[in-house]
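These notes are about the structure you will find just below.
Remember, it's 1-based here, ligands and their atoms both numbered in the order they're listed.
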Amino acid sequence: MKKIIKNGTIVTAADTYQGEILIEDGKITQIGSNLSAIGAEVVDAKGCFVFPGGIDPHTHLDMPFGGTVTKDDFESGTIAAAFGGTTTVIDFCLTNKGEPLKNSIQTWHDKSKEKAVIDYGFHLMISEINEDVLGELPQVINEEGITSFKVFMAYKNVFQADDETLFKTLISAKEHGALVMVHAENGDVIDYLTKKALDEGNTAPIYHALTRPPELEGEATGRAANFTGLANSQLYVVHVSCADAVEQIAKARSKGFDVWGETCPQYLVLDQSYLEKPNFEGAKYVWSPPLREKWNQDVLWNALKSGQLQTIGSDQCSFDFKGQKDLGRDDFTKIPNGGPIIEDRLSVLFSEGVKKGRISLNQFVDITSTRSAKLFGLFPKKGTIAVGADADLVIFNPNIERVISAETHHMAVDYNAFEGMKITGEPVSVLSRGEFVVRDKQFVGKPGSGQYLKRAKYNKNALVNQNETLSIQ
Ligand code: URP
Ligand code: ZN
Ligand code: ZN
């Protein structure tokens, strides 16, 4: 089925212009004016921006964690993502020590295959590096197209890997062309601080934040960045929450280290005081790293604007308030960490970022889509509007005012972290490879229609543009 999108303003990471887009067989085949094609359906985007579909580089769908399993799976999670203007997610595939990586990857294929309504790829968690793991990595990269590995520096006795594992992962990633991602917090010191807090009878949600101070995120970020420089490798720091971590990333980049940073909407608009909400509601706002003192938000916005942080992920990791978050009612360490953000990632960034003049429209596209496509081996198939690219498109009305609420969201959870927030702008229709997934705010997609994406190897040259200070060695 052919389609022509007319009357919209096309926005890419580089340009903003009036133009029409012809879609054939799921691809963009022409961009121009007065386009026509026999049998093409005309889609009117009057008054709207046309963005490349968002790429969410950080999701946890159907993931066992904190004694329970995330509420949103690949069906509800990708439907909500599509409503929010995201057409690709890259989800974290967990692994178990001593088990072949291919078993874990198969588990993630089984979770996603019949359910995803948009395209998806996987990052792979590395919890140990031994001969078996090293032997499997070339296959993971070359055959599965999994070209990014995640190492946790926190969650002691659960996911945490030691420094040797991180360093060896960086070396191996360099050799094979993969990007290493880190959850950067000092898990050992956090373990000490949390035990001490509980011993002292401090069990409320706010102690989650007080036992994970920003210094420990800054320390771990700097450590991972220094290892990266030493290994001459490449690093992507997920969910950067505070000035301490931004400083370390900026320092590493100024030395020419190949270090990138992601933040998340929650760190840009929510703060530590949310953990003190009465009636245990603070549990809804338990993330690791935790929400920070409000002044950090300006630092994060400025880092996005200046390019010291480059992407925004949702870190979608949703748990119901009733029945899941309340596992930690008497002990903050038992509150499952994470929240439901996948649906509001673009809208919050647009409303708080573009509308309030903190970032430009083109930066918005870069941060929500293009940069992730380049970092994670999807560009130019994904992440841009260009002839030959997949027709993953968002028709976005920049003027609609609305209030975010769990009553109207499409995630499976019983609360929304941005409940009551007034925002401007909304995706109206969303196409994945030329087919509507959301049309005029109605879901018209099909579970199982999302395709698994084998991604290309990490390519530093695709990432450096004239606006950036990163020096190529
Ligand atoms: O609290 C968080 N961030 N939950 C998801 C798991 C992770 O650390 O990314
Ligand atoms: Zn994390
Ligand atoms: Zn995460």
Counting only heavy atoms closer than 4.0 Å, does ligand 1 sit against the backbone of F92, its side chain, both, or neither? neither
With a 4.5 Å limit on heavy-atom distance, are the side chains of T370 and K374 in contact? yes
Determine whether the aromatic ring centres of residues H410 and F443 are separated by less than 6.0 angstrom. no
For atom 7 (C) of ligand 1, which protein heavy atom lies nearest, and how many Å away is it? Y155 OH, 3.5 Å
Would the F332 and F280 ring centres measure less than 6.0 Å apart? no
D315 meets the salt bridge (Lys or Arg N to Asp or Glu O under 4.0 Å) criterion, sequence neighbours left out, with none
Any donor-acceptor N or O pair under 3.5 Å, side chains Q316, D56: no
Ring-plane angle category for F396 and F51, please: parallel below 30°, perpendicular beyond 60°, tilted otherwise. tilted
List, one per line, each side-chain donor-acceptor pair under 3.5 Å for residues 209-216, sequence neighbours excluded.
{"unit_1": "T211", "atom_1": "OG1", "unit_2": "Y207", "atom_2": "O", "d": "2.7"}
{"unit_1": "T211", "atom_1": "OG1", "unit_2": "H208", "atom_2": "O", "d": "3.3"}
{"unit_1": "R212", "atom_1": "NE", "unit_2": "E185", "atom_2": "OE1", "d": "3.2"}
{"unit_1": "R212", "atom_1": "NE", "unit_2": "E185", "atom_2": "OE2", "d": "3.2"}
{"unit_1": "R212", "atom_1": "NE", "unit_2": "S288", "atom_2": "OG", "d": "3.3"}
{"unit_1": "R212", "atom_1": "NH2", "unit_2": "E185", "atom_2": "OE1", "d": "2.8"}

Which protein non-hydrogen atom lies closest to atom 3 (N) of ligand 1, naming both residue and atom, and how far is it? D315 OD2, 2.6 Å
Q106 meets the side chain to side chain donor-acceptor pair (under 3.5 Å) criterion, sequence neighbours left out, with D110
Strictly below 4.0 Å, N to O, side chains only: are R223 and D163 in salt-bridge contact? yes
Assess, by modelled atom type and distance only, whether the side chains of D330 and T203 contain a donor and an acceptor separated by less than 3.5 Å. no
Short of 2.8 Å from the Zn ion (ligand 3), name each protein N/O/S atom, waters not counted. H58 NE2, H60 NE2, D315 OD1
Report, in ascending order of atom number, the atoms of ligand 1 lying under 4.0 Å from any heavy atom of C317. 4 (N), 5 (C)
Between ligand 1 and H60, is the shortest N or O to N or O distance under 3.5 Å? yes
Closest non-hydrogen protein atom to atom 1 (O) of ligand 1, residue and atom name please, with distance? S288 N, 2.8 Å
N337, portion touching ligand 1 at heavy-atom distance under 4.0 Å: both
With a cutoff of 4.0 Å, is H58 in contact with ligand 1, counting heavy atoms of the residue only? yes
